[in-house]
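Taking it in order: structure first as structure tokens, then the write-up.
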Amino acid sequence: MLRMMGRYLTLILLSAVVLITADCVNVRLVGGHSRCAGTVEVLHRGQWGTVCDVAWDLPDAAVVCRELDCGEPVDALTNAHFGPGSGPIWMYFVRCVGSESTLKDCESGGWDRSYCDHAKAAGVICSEVRLVGGSHCSGRLEILHDQTWMSVCGAAFDQQDAEVVCRELDCGAPVQVLGAAAFGKGDTQMRTQEIQCRGNESQIHLCPTSPSHENSCSHDNNVGLVCTEIINVRLVNGNSPCSGTVEVLHRGQWGTVCDIGWDMADAAVVCRELDCGEPVDALGDAQVGLRSGPVWMNNAMCTGSESTLKKCGSVIWGFQGVCQSKSAGIICSGVRLVGGSRCSGRLEILDDQTWMSVCDAAFDQQDAEVVCRELDCGAPVQVLGAAAFGKGDAQMWTQEIQCRGNESQIHLCPTSTSHQYNCSHDNDVGLVCAGLSKFIILH
């Protein structure tokens, strides 16, 4: 009986060991200033090894930062920025989408294939700061200290500190520093040290601190922060806000995108991020003008469904090579059809960064030719008035559009101010283009 109980206890202990082993972290960062920055190393078959920097980008870095509970990705670094690491080169050509729970779940070019050497080890910098209880750019401030997330006392944080946090999280300027646990009390330990940033630091851990003599801080005094939500991509040198050379904002600096591999799927992501309608063209060879600054992305690999360009994969991130004269550009439509399908719906036109409905009396068949062509939807089938696709809530555009019918984009058509139309959303124009494979009009 005792022997059987001993075997039973042994099985329980072995099960516990197995469970503990299964929870082991399989990635680490070495050679940096903290456990949240450094050369990436992966544990595989009981041995730590490095990751080749080919295709290493921000979605890959995002997975590592999440796996290590280190906040947001600040940078994806190449060329053994933190040192070469050691051991085998386990992963090559990593292709994370950014939502994976561990780096080992990401696709790659294979394990233990030494196409690289240690001079091309991948590295990561994570933020070590986060905003909780709001959005990516607003919430209760928490700072990682000695492997523990800590809340910050409102009395120990000011506007200059806020400048650094917002910059580190790739958000805009700080709008408001809030005390009195505006985003909830949280349950983390309180950090009472006073942060003394000058305001120009790239990360909060680079700011000096001093012990605070204010010992009365509790979770009622948690500091909250609201930063502006910003767009991290822009188009320059074009003829409208929705066309031009693509530039990406990274670590406070605007840089270009190399046109190698640049295609319509990449353009679609930029057009969506800028709320500029459908992609009309993906341009290369700096067709919309040369720009200075770093080349942030080389061979972007968007699927077309990403919410931002920075979430797309890239063969090389932070590339500083010979691609300055090969900047990627795009033209977005500035026109869209809403409430139907991609090729049918209520017509809206972008004017001065505002989407506007169009009065049915100000739009005709020749105008429809241009819109359907611009959206890559074939010939117009029917122009519908009387808000056939719903009334919408955009501002009304009452100018009369006077296309000849051969223009490539609607914004190239002349317009004239109309004095004869008393338009409302009851008069929103709708359009059906032939690109729709099946369409039934009910009368």
Side-chain angles (χ1 to χ4, degrees), residues 14 16-128 144-149 202-203 205-206 250-251 296-299 301 313-321:
L14 286 172
V17 170
V18 169
L19 288 173
I20 292 169
T21 303
D23 290 336
C24 177
V25 173
N26 288 305
V27 67
R28 68 184 182 186
L29 301 175
V30 299
H33 65 270
S34 75
R35 73 175 187 88
C36 294
T39 297
V40 181
E41 291 192 350
V42 180
L43 181 64
H44 183 59
R45 297 201 299 236
Q47 186 175 7
W48 288 100
T50 57
V51 176
C52 182
D53 68 6
V54 174
W56 188 251
D57 54 26
L58 283 173
D60 306 327
V63 174
V64 173
C65 293
R66 184 185 310 111
E67 186 171 0
L68 293 175
D69 193 25
C70 279
E72 298 292 324
V74 173
D75 214 346
L77 299 161
T78 57
N79 296 321
H81 180 88
F82 291 104
S86 60
I89 300 168
W90 281 135
M91 298 184 78
Y92 167 82
F93 204 81
V94 177
R95 299 184 299 281
C96 305
V97 298
S99 59
E100 295 88 350
S101 58
T102 74
L103 186 65
K104 293 176 79 170
D105 287 342
C106 297
E107 291 186 12
S108 72
W111 285 80
D112 196 16
R113 296 185 181 179
S114 300
Y115 301 112
C116 279
D117 57 48
H118 284 296
K120 292 184 68 61
V124 167
I125 298 175
C126 307
S127 66
E128 302 178 55
L144 191 63
H145 176 69
D146 194 22
Q147 303 190 37
T148 301
W149 286 101
S202 59
Q203 288 188 267
H205 82 270
L206 298 174
H250 181 60
R251 303 201 75 178
W296 283 133
M297 297 183 78
N298 184 346
N299 204 336
M301 298 183 293
S314 173
V315 169
I316 303 177
W317 178 261
F319 180 66
Q320 303 293 323

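On a predicted model such as this, the values are computed, not experimentally measured, just so you know. These values consider heavy atoms only, across backbone and side chains, with no hydrogens, waters or symmetry-generated copies.
The minimum heavy-atom distance between Gly71 and Cys65, with the atom names listed, is O-CB, 3.3 Å. Nearest heavy atoms, Val64 versus Trp56: CG2-CH2, 4.0 Å. Taking each heavy atom of Trp48 and Trp90 in turn, the nearest pair found is C-NE1, 3.8 Å. Here the closest non-hydrogen pair linking Ser99 and Val97 is OG-CG2, 3.3 Å.
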Practice prompt. Under the disulfide bond (SG atoms under 2.5 Å apart) rule, what do Cys36 and Cys70 come out as? Steps first, then yes or no, please.
Written response: CA-CA 6 Å; Cys36 294; Cys70 279; 2.0 Å; yes
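At distances below 3.5 Å, not a single donor-acceptor pair connects side-chain atoms of Ser108 with backbone N or O atoms of Val94. Judged by distance alone, the side chain of Ser127 and the main-chain N or O of Pro73 form no donor-acceptor pair under 3.5 Å. Judged by distance alone, the side chain of Gln203 and the main-chain N or O of Cys126 form a donor-acceptor pair under 3.5 Å.
In this structure, Lys104 has no salt bridge (charged side-chain N to carboxylate O under 4.0 Å, His left out) partners at least two apart in sequence or on a different chain. Legend: residues meeting salt bridge (charged side-chain N to carboxylate O under 4.0 Å, His left out) with Asp69, ordered by chain and number and at least two apart, are Arg130. In this view, Arg95 and Phe93, Glu107 satisfy the side chain to side chain contact (heavy atoms under 4.5 Å, CB included) rule, not counting sequence neighbours.
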Can you give me every donor-acceptor pair (side chain of residues 75-88, partner residue at least two apart or in another chain, under 3.5 Å) with its distance?
residue, atom, partner, partner atom, Å
Asp75, OD1, His250, NE2, 2.9
Asp75, OD2, Arg251, NH1, 3.4

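For the pairing with Val40, the side-chain contact (heavy atoms from CB on, under 4.5 Å) check across Leu29, Thr50, Asp60 returns one residue only, Leu29.
In this structure, OH in Tyr92 is found 10.0 Å from CG in Asp53, a value given to the nearest 0.5 Å. In this structure, CG on Leu103 lies 4.5 Å from CE on Met91, to the nearest 0.5 angstrom. The CG atom of Asp117 sits 6.0 Å away from the CD1 atom of Ile89 when rounded to the nearest 0.5 Å. For the atom pair Asp57 CG and Met297 CE, the distance stands at 7.0 Å (nearest 0.5 Å).
Disulfide check for Cys106/Cys96 passes, with the SG atoms closer than 2.5 Å.
Applying the side chain to side chain donor-acceptor pair (under 3.5 Å) definition to pairs two or more places apart or across chains, those involving residues 32-42 are Arg28-Glu41, His33-Glu128, His33-His205, Ser34-Glu128. The salt bridge (charged side-chain N to carboxylate O under 4.0 Å, His left out) contacts involving residues 79-92 comprise nothing, where partners must be two or more places apart or lie in separate chains.
Using a 4.5 Å heavy-atom threshold, the side chains of Val42 and Trp111 count as touching.
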